[in-house]
Structures are given as structure tokens and as C-alpha cells.
There are 2 protein chains.
Amino acid sequence: MEILKELKKIALFKGFEDKELLSMMNCFSVELKEYEKNQTIIEQGQKVEKVVLLIRGEANVENIDIFDNQSIILNLKNGDFFGLEETYADKIYFRDSLKSCEKTIVAMFDKTRFVFPCENNCPCHQKLLKRIINYSASRSLMLVDKIKHLSQRGIKEKVLSYLHSQSNIAGSPYFDIPFNKTELANYLSVERSALSTILWKLKKEGIIDFEKKRYHIKKTK
Amino acid sequence: MEILKELKKIALFKGFEDKELLSMMNCFSVELKEYEKNQTIIEQGQKVEKVVLLIRGEANVENIDIFDNQSIILNLKNGDFFGLEETYADKIYFRDSLKSCEKTIVAMFDKTRFVFPCENNCPCHQKLLKRIINYSASRSLMLVDKIKHLSQRGIKEKVLSYLHSQSNIAGSPYFDIPFNKTELANYLSVERSALSTILWKLKKEGIIDFEKKRYHIKKTK
DNA sequence: CTCCAAATGTTGAAAAAACAACAATTTTTC
DNA sequence: GAAAAATTGTTGTTTTTTCAACATTTGGAG
């Protein structure tokens, strides 16, 4: 079965046997769905009924605020969840939308299984729970990181803060980021054209280098 | 014992019996500590060895960034954890500091117990785990909220986004916030004097009202 | 290959925020 | 309750960002 291979690639299911995965999929009534580029997977305001796991592709968590402006909150890749926090925190409605950036495959999990583990006490729940906690904790830390970037006063500081953090995650001064320039401006919540100007200024000053989505931090600080 | 009464007030331990609490405290080698105003409870860069639970008082999560600027990431109250995410995400060092804003009592939990539940499979772990997940998930959602405020382009939009969200949490147009003006500016990462000007402008326009830490949203949108 | 659309870069003017310095007010401390 | 310290408000100047409009480049789709 094709899907099992995909699932096993995801950190959350590392080391799971085919049998375990199948029982898990049955237990959570997993439903696979496929989306084209720029489709809405979950709409802001919708009821929290499913937990979405990105199997393949890429999607953005987006929000329309009280002033009717749209912003990208997060970028999700395969292995990422959407709706996990809402489920565990007993939220009724989604406050953000999930939109595919490209051809995307997701697994829809029945939310109730996350809240009430199955009667037959299937072992996958125990195993999963620990990983889910780890996942949720990591996500929190990532959000704190984003807060740190957004808290920077100027565009220069914001983008350098972000690039340093990406470099740390990659463990190298050379790294790819998941955004093009327009999306990066959106992520950092700054004017695209101003970001463009500043990136080139930093390049000319020999502080960074970039080409498409690949960046290089030449000078630390 | 005084401490048991304090613990029972905390949402995390609601419904726990004295016996359970005592066994839990023993199991986690809980150590109580008291801090005066403006003391450093945990210093950025320190090793993650304890999980801190605020029992009484108030503390800020603060960070000094790569440009040596300090900012308040979060404000913690009784019932809030510090270090939980780092523990579950297997981080080695703290990337933020925890500083008391007033006289504060904290419980220091041995981190290893969070990672490896005790051999005797004590029931408190099971019970706690579920609540910890709920806590962690709620925190994530709160962080996403903060991101939404910081993503606003102008000071006016930032502060209104924050006040609306506080009003929602309180479930009323009248509500208290945990910050004075200086701290609010810090939290929203804007210039204090500029924030002051804008708050008064909003007041004169009849959009909001405020007095000390109490605010009132008069017009929605 | 050509055309079209999207992404990216550039510029100048307008708006907003930061900064700095100081006045007024409130809170704390002795 | 007076003095000191911290918080808050005010103002003018400087700097930065946004905004708007357009040029250039890139990346498909046919």
C-alpha cells in the first residue's frame, strides 16, 4: 500500500509496523485527501472536527484579522499538524485557515480519538501520545522564535533575526528557507519592496548572500 | 500544610486529593522557592534541569537577542509553567530568562520525571499528562495570538488587536490587562511614548477608555 | 519560442514610528 | 508626609517604513 510508505517517512510514525499503522488508521478513521495548489483545506471559523496531518506538499496557516487584512501565520510541511492544539485545548472553532501552496496530500484524523483514546486501549495511542507531546512542545518553541523575529524593531533586524535562526536550525551558514521574497515579507509582516531594498543592502555590505530561496550568512552579527 | 492549599488552587491540580499531591510532590522531588521582585529565577543559557511552576506571584519570560536588546516574550501567572516545552522538546539550554515581577513562589519539578514517568506507574502521572497536554496546547494558541498582534502593521492596529483579544478572553468589554503602559509597549514591541500618544488618541476618539490597567472597548471595530 | 503572469527590483513622496529630552504624575520608601 | 524613584504624558526632530507606480526578470503554458 502506497500510503503506508508515506506515513512511515513522517517522524511521528517512525518505527511503526505496518500492522500498527493500519490499526491506527482504522482507529482514527483516517481519511486521505488531495488538494491542488492554492486550495482551502480548512476555513477560518469552521468547526474543529478533524485533525489534519500533512503527508505531502506544503500549506500555509493564514488568518484574516479584525481589520480584514490577511497574514501568513505559519508554513506547514509534511509531518506537520493542523488542528492539534485546537483539539487538545477544546476549542470549538478554527481561528485560522489552512491553504495549500502546492499539490498537497493530507490525512484527516477523527478528533474524538485524540481526546478519548479507544476502548481497546490500543498500543499505538500510548506510543503516539508521547510523540504528540514532543511535537506540540516543539511547535510552541518555534512560535516563540517567530515572536522573537517579529519583536525586532526594524526590517533589517527582523530579517537577520529570522535568517540567523534558520541558519541555526540548519546547522550551517548556508541554508534554504521555505519562502520566496513575497512570502518572506508576509511572514515577517513587512513591506515587500522595503524588504527587497534591505536584502540587497545587506548583500552589498557583504553581510549575507542569497539566490532564490538559498541564503548564506557571511558575517555573524 | 499550607502548600497543598496553594497547589489545589491551580487548575492543573484541580480535583487532586492531598494524598495524590503528596505522592506527586515526592515523585517529582518538588522543591519550593521564593523570590523577591525583579529577581532572576532562570537565566537564559542555563541548562534545562527543572520545570518551574508558578504558584503565586507573577513573572516575565524575557529574552536578550542577537542585537543585545531585551524583550518580554510572555507574562506568566500562577498555574503557568516555564521550561515545560524545553523539557518535552529535549532542549538542552534555556533560550529565555524567567524574572519575577513581584514577590513570587515557584515549585521546581525534577525534569526527568516528565520524560520518564516513575517505575511504580503512579496514577498522578496519567492524570497529569492529559492536563499538561491541554496546557501546552493552550499555550501554543496563546502564542499564535501574540503573533497576530505583532503582525499588525501599525501601533494602533497592534494595540487594538491585543485589546480585542483580551476582551474576548475576559468575555466582556471591560477587562484588566497584566501590563502597565511601559510593559505593554514592551510586549507589543513598540515605542512607549508613541504608544502613549496613540492610546490617548483612541481615548479621545471614544474608541476605548482606560484607567491604570483597566480597559474598556467602547466601539467594536 | 513567444506570450503571459507572477515575482522581484527600483524610486520618490507621504505617513508613521523611533528617538530624545523633558514635564507631569503616581508610587514607593524612609 | 517628604523625598526619591518610577511611570506616564508631551513635543519636535530624525529616521524608517509604507505606499504607489512602474521597470525588470523569471517561470511556466501553450
Side-chain angles (χ1 to χ4, degrees), chain A residues 36-38 58 60 65 67-72 75 99-103 149-162 176-205 208-215, chain B residues 36-38 58 60 65 67-72 75 99-103 149-162 176-205 208-215:
Chain A
E36 295 305 313
K37 193 177 174 175
N38 295 325
E58 211 173 309
N60 284 334
D65 61 41
F67 306 103
D68 288 328
N69 298 315
Q70 189 195 65
S71 65
I72 297 179
N75 171 262
K99 298 193 177 175
S100 58
C101 312
E102 53 181 57
K103 195 173 173 146
H149 310 141
L150 289 177
S151 295
Q152 296 296 332
R153 290 301 173 81
I155 296 182
K156 190 180 104 190
E157 288 77 16
K158 281 191 174 78
V159 72
L160 282 178
S161 171
Y162 172 72
D176 288 310
I177 69 170
F179 301 124
N180 64 30
K181 304 287 184 292
T182 306
E183 291 165 334
L184 180 59
N186 205 332
Y187 176 86
L188 295 175
S189 199
V190 297
E191 181 61 24
R192 182 197 59 74
S193 63
L195 175 65
S196 174
T197 307
I198 281 166
L199 279 173
W200 280 93
K201 196 169 146 258
L202 288 169
K203 193 178 203 172
K204 277 163 196 155
E205 287 171 351
I208 63 168
D209 197 8
F210 57 87
E211 160 90 38
K212 304 271 165 64
K213 292 182 174 180
R214 168 149 286 250
Y215 289 75
Chain B
E36 296 304 313
K37 192 178 174 176
N38 295 325
E58 210 173 310
N60 283 335
D65 61 40
F67 305 104
D68 288 330
N69 298 314
Q70 190 195 63
S71 65
I72 297 178
N75 171 262
K99 299 192 175 176
S100 58
C101 312
E102 54 182 58
K103 196 173 172 147
H149 310 140
L150 288 178
S151 296
Q152 296 296 331
R153 289 301 172 82
I155 296 182
K156 189 179 106 190
E157 287 78 16
K158 282 190 174 77
V159 72
L160 282 178
S161 172
Y162 172 72
D176 288 311
I177 69 170
F179 301 123
N180 63 31
K181 305 286 183 293
T182 305
E183 291 166 332
L184 180 58
N186 205 331
Y187 176 86
L188 295 176
S189 200
V190 298
E191 181 60 25
R192 183 197 58 76
S193 64
L195 175 64
S196 174
T197 307
I198 282 167
L199 279 174
W200 280 93
K201 195 169 146 260
L202 289 170
K203 193 178 202 170
K204 278 163 195 155
E205 287 171 351
I208 63 167
D209 196 8
F210 57 88
E211 161 91 39
K212 302 271 166 63
K213 292 181 173 181
R214 169 149 285 252
Y215 289 75

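Order of the sequence lines fixes the chain letters, A, B, ..., with proteins taken first and strands second; residue numbering starts at 1 for each chain.
The CG-P distance, from Asn186(A) to dA6(C), rounds to 16 Å in whole Å. Remark: P of dA15(C) and CD1 of Ile155(B) are 17 Å apart, rounded to the nearest angstrom. One atom, OH of Tyr215(B), and another, C1' of dT8(D), lie 11 Å apart when rounded to the nearest Å. When the C1' atom of dT29(C) is taken as reference, atom CD of Glu36(B) falls 15 Å away, rounded to whole Å. Going from atom CD of Glu102(A) over to atom C1' of dG27(D) covers 16 Å, rounded to whole Å. Between Glu191(B) atom CD and dT14(D) atom P there is a gap of 17 Å when expressed in whole angstrom units. For the pair Glu157(B) CD and dA16(C) P, the interatomic distance rounds to 9 Å; values are reported in whole Å. Rounded to whole angstrom, the span from the NZ atom of Lys201(A) across to the C1' atom of dT15(D) amounts to 12 Å.
Candidate nucleotides dA7(C), dA20(D), dT8(D) were compared by shortest atom distance to the side chain of Ser193(A), and dA20(D) ranks first. When each of dT11(D), dG9(D), dG9(C) is scored by its nearest atom to the side-chain atoms of Arg192(B), the top-ranked nucleotide is dG9(D). Nearest nucleotide to the Val190(A) side chain, out of dT18(D), dG9(C), dC19(C): dT18(D). Nearest nucleotide to the side chain of Lys212(B), out of dG9(D), dT27(C), dC19(C): dT27(C). The side chain of Ser196(B) lies closest to dG9(D), out of dG9(D), dT11(D), dC19(C).
Mapping Asn180(B) and Thr197(B) onto DNA chain D by nearest heavy atom places Asn180(B) closer to the 5' end of the strand. Place Arg153(A) and Phe210(A) on DNA chain C by their nearest nucleotides, and Phe210(A) ends up nearer the 5' end.
To the nearest 0.5 angstrom, Leu184(B) atom CG is 11.5 Å from Asn75(B) atom CG. The CG atom of Leu188(A) lies 12.0 Å from the CD atom of Glu157(A); values are rounded to the nearest 0.5 Å.
Counting only distance, with no hydrogens or angles, the side chain of Lys158(A) and the backbone of Gln152(A) share a donor-acceptor pair below 3.5 Å. A donor-acceptor contact shorter than 3.5 Å is absent between the side chain of Lys181(B) and the backbone of Ser196(B).
For the pair Glu183(A) and Asn180(A), the minimum side-chain heavy-atom distance is below 4.5 Å.
Using a 4.0 Å heavy-atom distance criterion, Ile198(A) is classed as a sugar-phosphate-only contact.
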